[in-house]
Amino acid sequence: MKKVSLLSLLAVMAISTGAKANVENPLYMPAEGRLYSKTDISKQDSVWGFEEKVGYGFTNRFTMDMALSYQEDKDDEADGWKYYKIGGAYRLSAGKVLTDLYANYTQTIDDDTFGDYNVIDAGLRIGKRNSNYTVAANVGLNRIDIKDFDLDSNNIAFGTDFVYNFDDRVSGQIGLDYILTDDFNVVAGEDDSFALTAQVNYLKGGLWSIYYTTELKADDVDDTFGFKYGVQF
């Protein structure tokens, strides 16, 4: 597992030098000049996934981030750097209701192992938060381009997130994501995709999270269990 030593190093750096911040909140945005990091370790059947994401607040309304993903498959040879992702968000309104424009680009790294594809998604997120809860929803366009088979798919993506704060450290989080697919779904093999994510967060120094994700419409897709550590500098 020497290939993932960079991810381990970033995680240790985040734990040792980070500041308290709920970077998993769906309406989180770093303040101007603040850097944040999220380390994600997940398991789906025999596949272990590792993702490191870092973001920076250029202003109080504009942020950009980048993520790098690695996969280790215990039953297959599908190991290696899977994809990189670059994204950004701009806060249109910051009053009682928060409104964000977002856009992301994802590209595979190891074409021989994972295929040559890219994903572009962009949309609008709107929500409200206070000391007790956060509620947010998003709608966007999602385009998948698989160059190996000269295929593409233009989709509409919807999502909702609800967070309830039990106290100043512990919160529960539920997310529902629905993708209406015109042509195909490369993950589930279905016309559309409906996924549920349940998560528990513990905020102390950084944000420690345990989550579970299941595809509600795809019986042949294994559920995902994962751990995240997020921190703001």
Side-chain angles (χ1 to χ4, degrees), residues 1-18 23-24 35-55 65-87 104-121 142 144-149 151 153 157 173 175 177 179 184-190 193-202 205-231:
M1 300 277 299
K2 292 182 179 179
K3 295 180 180 179
V4 297
S5 59
L6 174 61
L7 299 180
S8 302
L9 176 61
L10 290 172
V12 171
M13 290 174 60
I15 293 172
S16 61
T17 63
V23 299
E24 272 297 281
L35 177 75
Y36 74 91
S37 165
K38 285 201 292 187
T39 301
D40 186 339
I41 302 173
S42 62
K43 187 177 188 300
Q44 185 183 86
D45 196 18
S46 64
V47 178
W48 284 89
F50 305 86
E51 182 180 283
E52 178 67 27
K53 180 179 181 180
V54 293
D65 55 65
M66 181 174 182
L68 189 62
S69 176
Y70 180 86
Q71 176 176 302
E72 190 86 14
D73 193 336
K74 298 300 183 182
D75 293 343
D76 201 349
E77 296 183 356
D79 301 336
W81 295 102
K82 191 172 183 181
Y83 62 79
Y84 69 86
K85 183 176 182 179
I86 300 173
N104 300 286
Y105 174 79
T106 304
Q107 174 67 56
T108 49
I109 298 173
D110 188 343
D111 298 346
D112 294 333
T113 302
F114 302 105
D116 187 0
Y117 71 87
N118 61 63
V119 181
I120 299 174
D121 64 278
N142 176 299
I144 304 172
D145 184 5
I146 302 182
K147 298 179 181 179
D148 294 335
F149 303 101
L151 294 173
S153 179
Q173 190 165 337
D177 293 287
I179 299 178
F184 58 89
N185 185 294
V186 296
V187 175
E190 299 284 345
S193 171
F194 191 28
L196 166 69
T197 300
Q199 186 165 313
V200 176
N201 305 315
Y202 179 68
L207 188 77
W208 308 79
S209 303
I210 298 175
Y211 68 91
Y212 163 79
T213 300
T214 182
E215 287 274 356
L216 299 179
K217 294 194 63 177
D219 295 335
D220 58 337
V221 174
D222 295 314
D223 299 339
T224 301
F225 296 88
F227 164 80
K228 294 180 183 179
Y229 179 80
V231 70

Is the centre of the Y229 ring less than 6.0 Å from the centre of the W208 ring? yes

Quick one: salt bridge (Lys or Arg N to Asp or Glu O under 4.0 Å) partners of K228, sequence neighbours excluded? E24

Check this for me: I210, atom CD1, are more than 12 non-hydrogen atoms of other residues, nucleotides or ligands nearer than 6.0 Å? no

Note, [X] side chain near [Y] side chain (heavy atom, < 4.5 Å):
X    : Y    : result
Q199 : Y212 : no
N104 : K85  : yes
K53  : S37  : no
Y36  : D65  : yes
D40  : F50  : no
W48  : K74  : yes
I109 : L68  : yes

Partners meeting side chain to side chain donor-acceptor pair (under 3.5 Å) with N118 (sequence neighbours left out): none

Would you mind listing every salt bridge (charged side-chain N to carboxylate O under 4.0 Å, His left out) that reaches into residues 104-114, with sequence neighbours excluded? none

[atom1] of [X] to [atom2] of [Y]: how many Å apart, nearest 0.5 Å?
X    : Y    : atom1 : atom2 : answer
E52  : S69  : CD    : OG    : 11.0 Å
I120 : D145 : CD1   : CG    : 8.0 Å
D45  : F225 : CG    : CZ    : 11.0 Å
S153 : N142 : OG    : CG    : 7.5 Å
F114 : T108 : CZ    : OG1   : 9.5 Å
T197 : Q173 : OG1   : CD    : 9.0 Å

Ignoring hydrogens and geometry, is there a side-chain-to-backbone donor-acceptor pair from [X] to [Y] under 3.5 Å?
X    : Y    : answer
S46  : D73  : no
Q107 : Y117 : yes
Q71  : A78  : yes

Closest approach of N201 to S209 (non-hydrogen atoms, all atoms of both residues): OD1-OG, 2.6 Å

Applying ring pair (Phe, Tyr, Trp, His ring centres under 6.0 Å) to Y105 and not counting sequence neighbours gives none

Once ring pair (Phe, Tyr, Trp, His ring centres under 6.0 Å) is applied, do any residues pair with Y84, and if so which ones, sequence neighbours excluded? none

By side-chain contact (heavy atoms from CB on, under 4.5 Å) - contacts of T224 (at least two apart): S42, Q44, Y211, T213

